[in-house]
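Notes to accompany the following structure.
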Amino acid sequence: MESGACSRVLNSYQPSYFSPIRSSLRSRDFSSSFHPSNASFIRRDCTCKAIVKDGNGSIPTEMIKKMSGEYFRDFEFSSLTALSPLDGRYWGKVKDLAPYMSEYGLIYFRVLVEIKWLLKLSQISEVTEVPSFSREAQTYLQGLIDGFSMNDAFEVKSIEKVTNHDVKAVEYFLKLKCQSHPEIAKVLEFLHFACTSEDINNIAHALMLKEAVNTVIFPVMDDLIKAICDMAKANAHIPMLSRTHGQPASPTTLGKELAIFAVRLSRERREISQVEIMGKLAGAVGNYNAHLAAYPDINWPQIAEEFVKSLGLSFNPYVSQIESHDYMANLFHSIIQFNNILIDFDRDIWGYISLGYFKQITKAGEIGSSTMPHKVNPIDFENSEGNLGMANGILSHFSMKLPISRWQRDLTDSTVLRNMGVGLGHSLLSYNSTLQGMAKLQVNEISLSEDLNQTWEVLAEPIQTVMRRYGVAEPYEKLKELTRGKAVTKESIRQFIEGLELPPEAKTNLLKLTPHNYVGAAVELARNVHMAVNLVNGTELLDAES
């Protein structure tokens, strides 16, 4: 077996097996037809029974009327009644995930796996009962995948109401679709052949993640990294007072501090891209029991490996009923770390806005505060931080729970996996919020400069360091006496330097220093950030001229 066959599968944007599928999914208007507000059902059972008493301990008459349903309206399932804000308030910002991470997406990928498994069986010479399909039959089956529609998904859900089993509903749906085709109708019972539901589900979940991350998450991550890089380069030369422990520290440049985040995020983006997305097709407990009972002379582990890899996934040969989900834990941990770094970025930018280092470009009609007309709040960065926390809470639970299953399996993973889109959705919402906030930022060089003008004490570091070089006694202690807890000015610093016993050249260089130009290699580091990001990723993630 090849090792690491798919170690960088997430990092590839090259045309692949799924290119037609992506095109098919993108061509559908999920912004309208998919949204819950278009669902054709009404909640008829909205009867809240909360008991509320007045001050005398009795239930008011008006409340009794309300409790009886007299004043209740039927609630349609819409963006206003959705329980999750991802499906309501924020739908427009996260809808790109819907084709992959929704119930529709899960059904779609189940259909794909079932059909591809039937096609694989037709290619195994020993399975004589499923002869090679004609080109027309293959086209028909592929058409069921490429043409899978919302109506098809609703049909599957209608079948599920009878079967009370979601995977079996997909099998019955496909049998209904294929029973009119003479060639395929002969082999209908080989749909779902030797499969447990988890054989279909684990591959479907893997494909959902692979496609969602490649198609939606990575592009926005890359936009975010590029935006930070661009801002870092544009402000590479802008000096800024550092703050360690919240106190004035050696100057840096605004660009260099931003560049740090671009490189940190790039490292985590690389980690995510290197996670092996895995699948299995080994039957009820991972031993190919049913496969070998029916066809004992076929090398089913090899067939399963070929099949899983043909879908662009890595193969996991050692499993129980479920694929162990360890790769999911790794994937979600890496996304959590990316999100943690972005929280750090959001908080720093929020702080710089508070200090006045950034102004926010206003938009006509927008209101910052309902009572204070002057306010322009950094809401995009606050929204991003809040949603990153939501995302990390959910993704953390995935990482801790999914690798754990009682004996050969329990069902606790099933309901958890249905929430993958929630974790990714809050992440996507955050990335877009940060990008939106960055687009409103305008550097306030006057404020940055004023802070530096008021903190000449930061030059104590270079002065005492040069004093050390030339053997001046107790340099640290002398600068401590001069600066600690005292007001330090340009004049007092110059007077101190002129009184030092230093070589003329060293003294001249110290006298040239100001809080504005004492920035070390910060400018060069910021200007070269695109090279650092590309080096981290081992690829041209960013254009060198960007």
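The shown structure was predicted, so the numbers you read here are calculated from the model rather than taken from an experiment.
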So, for [X] and [Y], which heavy atoms are closest and what is the spacing to 0.1 Å?
{"X": "Leu258", "Y": "Ala232", "answer": "CB-CB, 3.9 Å"}
{"X": "Phe315", "Y": "Met278", "answer": "O-CE, 3.4 Å"}
{"X": "Ala212", "Y": "Leu424", "answer": "CB-CD1, 4.4 Å"}
{"X": "Ser427", "Y": "Leu395", "answer": "OG-CD1, 4.0 Å"}
{"X": "Glu501", "Y": "Val472", "answer": "O-CG2, 4.0 Å"}
{"X": "Gly421", "Y": "Met101", "answer": "CA-CB, 3.6 Å"}

- Message: One pair to check against salt bridge (charged side-chain N to carboxylate O under 4.0 Å, His left out): Asp380 and Lys440. What are the steps and the verdict?
- Response: CA-CA 9 Å; Asp380 296 303; Lys440 299 177 182 178; 2.9 Å; yes
- Query: Are the charged groups of Lys226 and Asp222 less than 4.0 angstrom apart, N to O?
  - Reply: no
- Going by an N to O cut-off under 4.0 Å, is there a salt bridge joining Glu103 and Arg418? yes
As an exercise, state the distance from [atom1] of [X] to [atom2] of [Y], rounded to the nearest 0.5 Å.
{"X": "Glu268", "Y": "Ser334", "atom1": "CD", "atom2": "OG", "answer": "6.0 Å"}
{"X": "Leu331", "Y": "Ile277", "atom1": "CG", "atom2": "CD1", "answer": "5.0 Å"}
{"X": "Ile322", "Y": "Gln408", "atom1": "CD1", "atom2": "CD", "answer": "10.0 Å"}
{"X": "Leu209", "Y": "Glu211", "atom1": "CG", "atom2": "CD", "answer": "10.5 Å"}

Within-4.5 Å side-chain heavy-atom neighbours: [X] and [Y]:
{"X": "Met438", "Y": "Ile228", "value": "yes"}
{"X": "Arg527", "Y": "His237", "value": "yes"}
{"X": "Met531", "Y": "Leu535", "value": "no"}
{"X": "Thr412", "Y": "Ser405", "value": "no"}
{"X": "Phe381", "Y": "Leu441", "value": "yes"}
{"X": "Ile272", "Y": "Met221", "value": "yes"}
{"X": "Phe261", "Y": "Asp348", "value": "yes"}
{"X": "Leu106", "Y": "Ser102", "value": "no"}

- Message: Out of the candidates Arg409, Arg110, Lys280, only one should pair with Glu198 under the salt bridge (Lys or Arg N to Asp or Glu O under 4.0 Å) rule; please name it.
- Response: Arg409
- Query: Does the salt bridge (charged side-chain N to carboxylate O under 4.0 Å, His left out) test come out yes or no for Arg267 and Glu271, once each step is laid out?
  - Reply: CA-CA 6 Å; Arg267 291 197 187 102; Glu271 292 299 315; over 6 Å; no
Keeping [X] on the side-chain end and [Y] on the backbone end, is there a donor-acceptor pair under 3.5 Å?
{"X": "Asn377", "Y": "Ile379", "value": "no"}
{"X": "Asp87", "Y": "Leu83", "value": "no"}
{"X": "Asn517", "Y": "Leu513", "value": "no"}
{"X": "Thr514", "Y": "His516", "value": "yes"}
{"X": "Ser79", "Y": "Gly88", "value": "no"}
{"X": "Asp199", "Y": "Ala282", "value": "yes"}
{"X": "Ser433", "Y": "Asn383", "value": "no"}
{"X": "Thr253", "Y": "Ala236", "value": "yes"}
{"X": "Ser354", "Y": "Trp350", "value": "no"}
{"X": "Lys478", "Y": "Ala473", "value": "yes"}

- Message: For Arg243 and Leu355: C-alpha separation, side-chain torsions, deciding distance, then whether side chain to side chain contact (heavy atoms under 4.5 Å, CB included) applies.
- Response: CA-CA 12 Å; Arg243 281 177 168 80; Leu355 291 171; 3.7 Å; yes
- Message: Please determine whether salt bridge (charged side-chain N to carboxylate O under 4.0 Å, His left out) holds for the pair Glu481 and Lys486, giving the CA-CA distance in whole Å, both sets of side-chain angles, and the decisive distance to 0.1 Å.
- Response: CA-CA 9 Å; Glu481 176 65 24; Lys486 298 178 181 179; 3.3 Å; yes
- Let me see the working for Arg468 and Gln464 under side-chain hydrogen bond (donor to acceptor under 3.5 Å, both in side chains), right down to the final yes or no. CA-CA 6 Å; Arg468 287 175 187 273; Gln464 62 98 8; 2.8 Å; yes
- Item | Heavy atoms from other residues, nucleotides or ligands near CE of Met467 exceed 12 (cutoff 6.0 Å) |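 Above 12, so yes.
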- Item | CA sep, side-chain torsions, deciding dist, call: Gln274, Arg270, side chain to side chain contact (heavy atoms under 4.5 Å, CB included) | CA-CA 6 Å; Gln274 292 180 340; Arg270 179 193 60 194; 3.8 Å; yes
- Residues Asp451, Tyr357; criterion side-chain hydrogen bond (donor to acceptor under 3.5 Å, both in side chains); working and verdict: CA-CA 10 Å; Asp451 266 8; Tyr357 290 178; 2.5 Å; yes
- Query: Taking it one step at a time, do Asp344 and Arg264 satisfy side chain to side chain contact (heavy atoms under 4.5 Å, CB included)?
  - Reply: CA-CA 11 Å; Asp344 196 19; Arg264 291 176 68 194; 2.9 Å; yes
- Test side chain to side chain contact (heavy atoms under 4.5 Å, CB included) applied to Thr489 and Trp456, step by step: CA-CA 6 Å; Thr489 65; Trp456 279 80; 5.9 Å; no
- Message: Using a 6.0 Å distance limit plus a 45 degree cone around the ring axis, check whether Arg269 lies over the aromatic ring of Phe218.
- Response: yes
- Please say which of Val488, Leu510, Leu511 ends up in a side-chain contact (heavy atoms from CB on, under 4.5 Å) with Ile493.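 For Ile493, the side-chain contact (heavy atoms from CB on, under 4.5 Å) check succeeds only for Val488.
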- Should Tyr90 and Asn387 be marked as a side-chain hydrogen bond (donor to acceptor under 3.5 Å, both in side chains) after you check the CA-CA gap, both sets of side-chain angles, and the distance that decides it? CA-CA 11 Å; Tyr90 302 127; Asn387 279 289; 4.8 Å; no
- Task: List the steps and the verdict of salt bridge (charged side-chain N to carboxylate O under 4.0 Å, His left out) for Lys507 and Glu498.
- Result: CA-CA 7 Å; Lys507 187 177 292 188; Glu498 289 171 348; over 6 Å; no
- Item | Derivation of the ring-ring contact (aromatic ring centres under 6.0 Å, His included) call for Phe332 and Tyr327 | CA-CA 9 Å; Phe332 296 138; Tyr327 83 83; 8.3 Å; no
- Query: Using a distance-only test with no angle check, is there a side-chain donor-acceptor pair under 3.5 angstrom linking Ser430 and Asn339?
  - Reply: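 No, because no side-chain N or O of Ser430 sits under 3.5 Å from a partner of the opposite role on Asn339.
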- Item | Evaluation steps, side-chain hydrogen bond (donor to acceptor under 3.5 Å, both in side chains), between Glu306 and Gln302 | CA-CA 6 Å; Glu306 292 171 358; Gln302 180 181 332; 3.1 Å; yes
